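Just below is one structure, and these are the notes that go with it.
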Amino acid sequence: MVFAAPGEALARAHALLDAGPSPLHASVAHQVIGIWQRDFGDMRPALRHLRRARDLAARAGSADREADVLATLGVALVHAGRTREGLTAFDEGVARGTGHTRARVRYRRAYVWWVLGRHRQALEDVRRAVPVLRQADDVIWTARALTLRATVHLALGAVERADADFTAAEALWDTTGQEHDKADAVESRGLAAFRRGDIPAALRLLDEAEERYAKLGTPTFMLNIRRCEVLMAAGLAPEALAEADAAIAELDRLGGQSTRKAELLLAAARAARLADDPHTAMARAAVAVRLFAGQRRAWWETHARLVLIEARVAVGRRSARLVADAAAVAERLAAFGSPAAPEASLLAGRIALTLGRPAEAERHLAAAARSRHGGPPLARMTGWAAQALRARAAGSGRGVLEACRRGLDVLDDHRMTLGASELRARATAQGAELAALAQESALASGQPRRLLMWSERWRATVLSAPPTRPPADPALLSGLTAFREIAARAEEARQDGHPVPALEREQRRLEREIRSRTLHLRGAAPGGGDRFEPGRLLERLGDARLVELAVLDGRVHVLLCAEGRVRRFEAGRLADAVVEADHVQAGLRRLAHPGAAARLPLVEAAGRRLQELLLGPAAGYLGTGPVVVVPPGSLHRVPWALLPALRERVLSVSPSASSWLRARETEPPPRSRQVLVRGPGLATGGAEVPELARRYGAPTVLEGAEAHVSRVLRELDGAALAHIAAHGAFRADSPLFSSLTMADGPIVVHDFERLDRSPYRIILSCCDTARLASVGADELLGLVTALLPLGTAGVVACSAPVNDEAVVPLMLALHKALGAGLSLAEALRDARAALPGDATHQATGWAFSAFGAA
């Protein structure tokens with residue numbers, strides 16, 4: 001009962017002791033209290049109660065009772081970091097127990113072997129325990145033993161064996177009332193799904209397990225550790241670090257198991273390293289190494305040492321000693337049968353290369369490269385990264401590109417199993433090294449077309465296929481509705497000057513729930529979408545120029561695609577351009593308010609400097625036709641129309657050349673239906689909407705109470721043209737909750753992803769609608785990038801705060817030009833030219849960009 005209903009078991013144990021029981025029954029009660037404290041509370045009283053239980057069992061003269069308590073005490077001692085004493089207790093328990101009891105003792109010793117990372121001893125004890133438990137028809141303990149054996153198989157990379165044991169255990173659990181063990185089984189299935197590379201299923205199962213544990217009121221430290229692993233593999237390292245640190249703080253508050261603390265520290269160290277925080281990674285890993293060493297947990301200690309070495313390398317340390325340390329770690333991990341061994345060999349090879357020791361590097365890289373042909377996706381990518389480095393060291397450009405291609409193919413297949421656009425975007429970070437190696441090799445080849453191909457190979461890949469949409473998920477839909485209601489109430493209270501901490505907490509809770517459900521979505525069949533072909537791009541460009549900016553070693557390289565060829569120009573440093581773009585954004589914010597006209601020359605001067613940094617000599621070869629700019633993610637907020645060479649021309653922006661091609665080839669819907677939406681609280685009241693309604697004749701106009709989210713989404717689906725005048729808000733912390741304010745609350749990116757087909761053309765006359773979050777390798781998350789894969793061929797949106805009144809004439813001029821048959825980019829150019837010449841109107845025109853090709 002202590003696992004099935006822990007609170008009730010604890011109460012009954014105390015009640016039994018109050019009744020003055022016999023030594024035998026008192027031993028059971030103290031053991032139950034000790035188990036509860038060991039797993040859900042403080043280790044110090046746990047050990048005190050378990051020793052008392054052992055003494056009472058000896059007084060009762062029951063060898064089997066004493067053996068059973070010794071096994072429980074052994075587990076507690078090991079979790080307290082007193083490994084030698086714990087193993088001694090197990091030896092005594094095995095010696096005293098007989099038959100069925102001895103099998104239970106062996107099962108618990110197998111669990112301890114697993115905790116210690118001694119997997120072969122664990123399998124041996126389970127092998128001897130399972131037949132005895134089955135013969136005794138002990139369903140609960142047989143299921144526990146099978147679950148443990150499956151978990152050990154997973155640690156050794158034997159996923160198929162683990163699946164068989166998990167399936168058998170789950171069938172047994174279904175016949176019992178052991179709710180805690182059932183939750184543990186769900187958690188274990190989540191771990192198995194993760195080891196198979198199925199991240200959405202892993203997240204779903206771990207969340208389900210957490211819900212089950214919550215009903216029992218039990219802590220979930222092992223689940224925290226496993227979820228951290230999955231979050232890191234999903235590219236969500238900052239979240240994994242936050243979860244691990246929060247669990248460590250809770251464990252310290254309870255005075256809980258030091259073994260779990262060491263494991264959480266290791267998870268935090270790995271997460272910090274992946275989150276580009278190597279100093280935190282070193283600090284966490286160093287403490288974990290000390291704890292594991294004191295606990296005599298060599299398997300775990302070796303994994304912690306790997307993270308410690310990786311963090312040291314990340315802060316710039318390079319030495320022969322580090323090569324030797326990494327090689328020793330790789331050797332020990334291989335001896336343990338750990339899937340992390342290739343990662344350590346790759347690390348040793350990388351360090352050796354930077355030290356100019358090619359022979360030593362080749363030995364380590366060859367060992368790492370063996371993992372490229374089997375195992376989970378990330379292990380294969382490690383192998384292909386090692387193979388690419390081997391080829392580069394051997395001077396084989398072709399070998400580098402082949403290894404990078406194969407490795408990124410693995411990533412594409414893995415990425416397409418993910419249904420959520422956020423996970424797809426973040427997963428690309430795992431291919432950053434391969435993509436960088438390929439670009440470096442392509443640059444060295446002196447062939448700009450090859451560099452273009454590899455620049456496209458990893459740029460905005462999340463846009464290559466629409467996200468998986470779950471319109472039939474009632475929990476997600478109800479969550480979005482509740483979120484919208486709370487957000488609307490919170491905004492109303494803020495406007496009335498009232499504090500809203502309770503509403504904000506509920507809003508954050510609902511956001512977490514919605515996001516969690518979207519991360520559970522599985523993707524379609526493997527495959528990375530259509531492959532980019534430079535020839536097709538050059539053919540479709542016509543008289544336009546496409547300017548793709550690639551960044552190598554911190555410097556911008558301009559790939560100018562036009563007239564059947566690709567030319568390369570070298571421009572400035574990316575870091576300088578980012579700083580200059582920030583200055584421009586600050587200037588545009590000031591110009592949105594009256595009285596800031598004196599800043600206009602400063603903003604224009606910054607535009608000239610940006611042109612030199614981003615286009616360099618390529619600015620002189622742009623001709624007179626339309627220009628398409630494809631910037632890296634870090635430059636998505638540049639107002640490109642401010643650059644002198646682009647100011648007077650037809651200009652559009654695209655996250656990648658591939659997405660521009662898809663937009664160019666997207667057919668408009670069969671019916672030319674226009675939708676005009678006017679949200680609440682606009683300074684101008686959305687003054688352009690009534691005028692546009694008269695101009696279009698019979699459009700669908702949604703305003704006032706009719707502009708509620710469900711109606712807006714229904715009308716937007718499949719429209720030829722949509723114009724939305726509403727307050728926009730960009731969420732840097734959670735870009736898929738960036739929103740437009742409707743009558744009943746915000747419409748967020750998650751809502752747009754549920755459309756069957758987003759509008760062919762969409763105009764967002766709102767501040768900050770073109771702001772995007774740069775994540776993964778070179779991916780962008782936000783409103784514009786949510787629309788482009790869903791059937792939208794062109795978007796006009798704004799990358800900065802603008803003057804509401806100045807937006808109205810810009811929008812009217814834009815629609816007038818569209819009515820004359822122009823594209824969005826052509827119409828926006830003409831609309832800028834038609835604006836008054838004052839600073840505020842000019843800044844407003846520069847802040848808007850046309851995305852796509854419609």
Side-chain angles (χ1 to χ4, degrees), residues 313 342 345-359 361-362 364-366 368-373 378 380-412 415 428-461 528 531-535 537-538 548-561 565-571 573-574 618 630 632-634 656-658 776-779:
V313 171
S345 293
L346 176 59
L347 178 62
R350 277 202 199 101
I351 304 169
L353 282 177
T354 61
L355 294 174
R357 303 167 73 164
E362 166 61 20
H364 300 307
L365 293 174
R370 286 195 286 270
S371 71
R372 68 191 186 276
H373 296 305
L378 299 184
R380 282 180 282 150
M381 287 178 61
T382 295
W384 285 115
Q387 185 67 11
L389 287 172
R390 293 177 73 197
R392 186 179 69 169
S396 171
R398 178 177 296 179
V400 170
L401 294 178
E402 174 63 13
C404 292
R405 182 185 66 78
R406 298 284 295 275
L408 290 174
D409 283 347
V410 172
L411 177 60
D412 280 343
R415 184 174 51 81
T428 59
Q430 294 151 351
E433 181 183 21
L434 286 166
L437 285 168
Q439 283 187 302
E440 176 189 294
S441 181
L443 179 64
S445 74
Q447 299 180 43
R449 186 176 290 216
R450 179 177 288 178
L451 180 56
L452 173 67
M453 288 180 62
W454 282 101
S455 177
E456 280 292 301
R457 184 67 174 80
W458 71 315
R459 184 189 292 267
T461 56
R531 286 282 182 261
F532 172 72
E533 296 176 9
L537 171 68
L538 293 167
E548 180 149 330
L549 306 183
V551 180
L552 287 87
D553 290 329
R555 185 163 289 279
V556 178
H557 295 261
V558 183
L559 298 171
L560 179 59
C561 309
R565 60 184 292 207
V566 181
R567 287 180 286 179
R568 182 182 69 85
F569 301 88
E570 192 168 318
R573 295 195 58 78
L574 176 66
V630 179
S634 53
S656 69
S658 301
D778 201 21
E779 305 293 331

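These figures come from a predicted structure and were not determined experimentally. Nothing fancy with the numbering, it's 1 onward along the sequence.
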With no hydrogens and no angle check, is any side-chain donor or acceptor of Gln439 less than 3.5 Å from a backbone partner on Leu552?
no
Scanning both residues in full, the closest heavy-atom pair of Leu437 with Ala388 reads CD1-CB, 3.9 Å
In the structure I gave you, are the side-chain heavy atoms of Thr354 and Val313 within less than 4.5 Å of one another anywhere?
no
Would a 4.5 Å heavy-atom cut-off, applied to side chains only, mark Val566 and Leu537 as touching?
no
Rounded distance (nearest 0.5 Å) linking atom OG of Ser441 with atom CG of Leu451:
10.5 Å
Is the shortest side-chain heavy-atom distance between Leu401 and Trp454 below 4.5 Å?
yes
Do Arg457 and Asp412 have side-chain heavy atoms sitting under 4.5 Å apart?
yes
Gap separating the CG atom of Leu347 from the OG1 atom of Thr382, nearest 0.5 angstrom:
11.0 Å
For the pair Ser371 (side chain) and Ala368 (backbone), establish whether a donor and an acceptor sit closer than 3.5 Å, ignoring hydrogens and angles.
yes
Considering all heavy atoms of both residues, which atom of Ala618 and which atom of Phe569 are nearest to each other, and what is their separation?
CB-CD1, 3.5 Å
Do Pro534 and Met453 have side chains that approach each other closer than 4.5 Å (heavy atoms only, starting at C-beta)?
yes
Side-chain heavy atoms of Leu559 within contact of Val630, under 4.5 Å:
no
For Arg357, enumerate each residue passing the side-chain hydrogen bond (donor to acceptor under 3.5 Å, both in side chains) test, keeping only those at least two apart in sequence or located in another chain.
Glu360
Straight-line distance of Leu574 CG to Leu549 CG, nearest 0.5 Å
9.5 Å
What is the minimum heavy-atom distance between Leu452 and Cys561, and which atoms define it?
CD2-SG, 3.7 Å
Shortest non-hydrogen contact from Ala369 toward Gln387
CB-OE1, 3.5 Å
Ile351 and His364, any side-chain heavy atoms less than 4.5 Å apart:
no
Could you measure the distance from the CZ atom of Arg450 to the CG atom of Leu443? Nearest 0.5 Å is fine.
11.5 Å
Less than 4.5 Å apart, side chain to side chain, heavy atoms only: is that true for Glu456 and Ser656?
yes
Looking at residues at least two apart in the chain, or sitting in another chain, which of them share a side-chain hydrogen bond (donor to acceptor under 3.5 Å, both in side chains) with Ser455?
Arg459, Glu548
Minimal non-hydrogen separation, Phe532 against Ala657, with atom names:
CE1-CB, 3.9 Å
Can you pull out every salt bridge (Lys or Arg N to Asp or Glu O under 4.0 Å) where at least one residue sits in residues 428-439? Sequence neighbours excluded, please.
Arg350-Glu433
Not counting sequence neighbours, which residues clear side-chain hydrogen bond (donor to acceptor under 3.5 Å, both in side chains) with Arg449? List them please.
none
Rounded to the nearest 0.5 Å, what separates atom CE in Met381 from atom CG in Leu411?
4.5 Å
Residue pairs involving residues 380-401 (criterion salt bridge (Lys or Arg N to Asp or Glu O under 4.0 Å); sequence neighbours excluded):
Glu362-Arg390, Arg392-Glu440
Residue set satisfying side-chain hydrogen bond (donor to acceptor under 3.5 Å, both in side chains) with Glu402, at least two apart, ordered chain then number -> Arg405
